[in-house]
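Numbers restart at 1 for each chain; the letters A, B, ... are given by sequence-line order, proteins then strands.
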2 protein chains.
Amino acid sequence: MENQDIKKAGLKITLPRVKILTLLEKHGGHLSAEDVYKILLEEGEEIGLATVYRVLTQFESAGLVVRQNFESGQSVFEIDNGTHHDHLVCLKCGKVEEFLDATIEKRQEAIARQHGFSIKDHALVIYGYCNKPECSAE
Amino acid sequence: MENQDIKKAGLKITLPRVKILTLLEKHGGHLSAEDVYKILLEEGEEIGLATVYRVLTQFESAGLVVRQNFESGQSVFEIDNGTHHDHLVCLKCGKVEEFLDATIEKRQEAIARQHGFSIKDHALVIYGYCNKPECSAE
DNA sequence: GATGATAATGATAAATCTTCTCATTATCAT
DNA sequence: ATGATAATGAGAAGATTTATCATTATCATC
């Protein structure tokens, strides 16, 4: 029940917040603020773009969603289900796949330690061409 | 001699291009287009911001420089010395350190293969706090 | 269930980063 | 030196995101 998540974050339960969180859960994928705005408009919801940006940032602070900065120039958001993962992005069709590799995670910790960094976060994105016929060529 | 690099890229040797490439080599670090523009202005050069953006993009296409997209929201550029590496970024002071880990590189190849992706590029950035006293405290 | 303090919304303006336009200027092969 | 062509720079414009602020909704309390 996503309403409880919103409340736990110290935020009031409002229609825009419920709509946005529900959409992200339903969609499952990686949506930009503009994506969220357009989809909600198409579904007949009345919502402002500023509200979408504001709510997504609040959800990020609250740990409800995770922000990803791919090369596209705009941030995309996905539900934070608690399991960290990295991304593979197809440069042709934009498909995003997720992966988690224990070896890489461990090495990162070691590298941060070697450099005297206390690791806070990391972003690993592999860019390439997926195996769809129209993408694999190039 | 950087003039040869510019020529090899199929670009005419112009003052702005030489200035920008020289600055990046001299500085060694990671500069944004705005950084490059300001530094050149301070050095008394006459140059337009549009030219800086244009030239940096051309240099990127030519493989002379590498573009990095950190969380800052703006692209930063560094000379491409041919040796790929990843980055550690301090969230407090902005310090950037470089590293290369063979294990991680190999695992990425394997992961891309497993997912049917032909890997084109990747970006790994570890965010954290460096060991300077003013940064290491959370 | 009504009330009121407070937070949230949405339209718009503005900030930020980057690219485009186009008249002027510089480069370089001849 | 000349001329075809590419490059520059100033400003406009585009794209993404944030700030402003009057109006509206939420929710604890009565």
Exercise for review: Can you sort out the partners of B/D86 under side-chain contact (heavy atoms from CB on, under 4.5 Å), two or more places apart, ordered by chain and number?
Suggested key: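 Expected list: B/H84, B/F99, B/E105, B/H122, B/L124.
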
Check your understanding: Does NZ or CZ of B/K92 fall inside the cone over B/Y129's six-membered ring, less than 6.0 Å from its centre and within 45° of the axis?
Key ->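 Positive - B/K92 is close enough to the ring of B/Y129 and near enough to its axis.
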
Point to revise | A/K26 with A/E43: basic N within carboxylate O range, under 4.0 Å | key: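 The answer is yes: the pair qualifies as a salt bridge.
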
Review point. Is a salt bridge present between B/K95 and B/E97, judged by a nitrogen-to-oxygen distance below 4.0 Å?
Key: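 Salt bridge present between B/K95 and B/E97.
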
Point to revise | B/S/- contact track for nucleotides 17-30 of chain D, protein heavy atom under 4.0 Å | key: BBB------BS---

Check your understanding: According to the Watson-Crick and G-U wobble definitions, with both distances under 3.5 Å, which nucleotide is paired to D/dC21?
Key ->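 Pairing partner: C/dG10.
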
**Study point:** Complementary nucleotide of D/dT29, counting Watson-Crick and G-U pairs under 3.5 Å
**Key:**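 D/dT29 is paired with C/dA2.
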
Which whole-number value in Å describes the distance from [X] [atom1] to [N] [atom2]?
{"X": "B/L41", "N": "D/dA10", "atom1": "CG", "atom2": "C1'", "value": "13 Å"}
{"X": "A/E46", "N": "C/dA11", "atom1": "CD", "atom2": "C1'", "value": "12 Å"}
{"X": "B/F77", "N": "C/dT18", "atom1": "CZ", "atom2": "C1'", "value": "10 Å"}
{"X": "B/L40", "N": "D/dG9", "atom1": "CG", "atom2": "P", "value": "10 Å"}
{"X": "B/Y37", "N": "C/dT18", "atom1": "OH", "atom2": "C1'", "value": "14 Å"}
{"X": "A/D35", "N": "D/dA15", "atom1": "CG", "atom2": "P", "value": "15 Å"}
{"X": "B/N69", "N": "C/dC17", "atom1": "CG", "atom2": "P", "value": "14 Å"}
{"X": "B/E71", "N": "C/dC17", "atom1": "CD", "atom2": "P", "value": "15 Å"}

Check your understanding: Shared ILVMFWY cluster between B/L49 and B/V76, side chains joined below 4.5 angstrom?
Key ->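 Shared cluster, no.
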
Exercise for review: For the pair A/F70 and A/H30, name the ring-plane relationship: parallel under 30°, tilted 30 to 60°, perpendicular over 60°.
Suggested key: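 Because their plane-to-plane angle lies in the 30° to 60° range, the rings of A/F70 and A/H30 count as tilted.
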
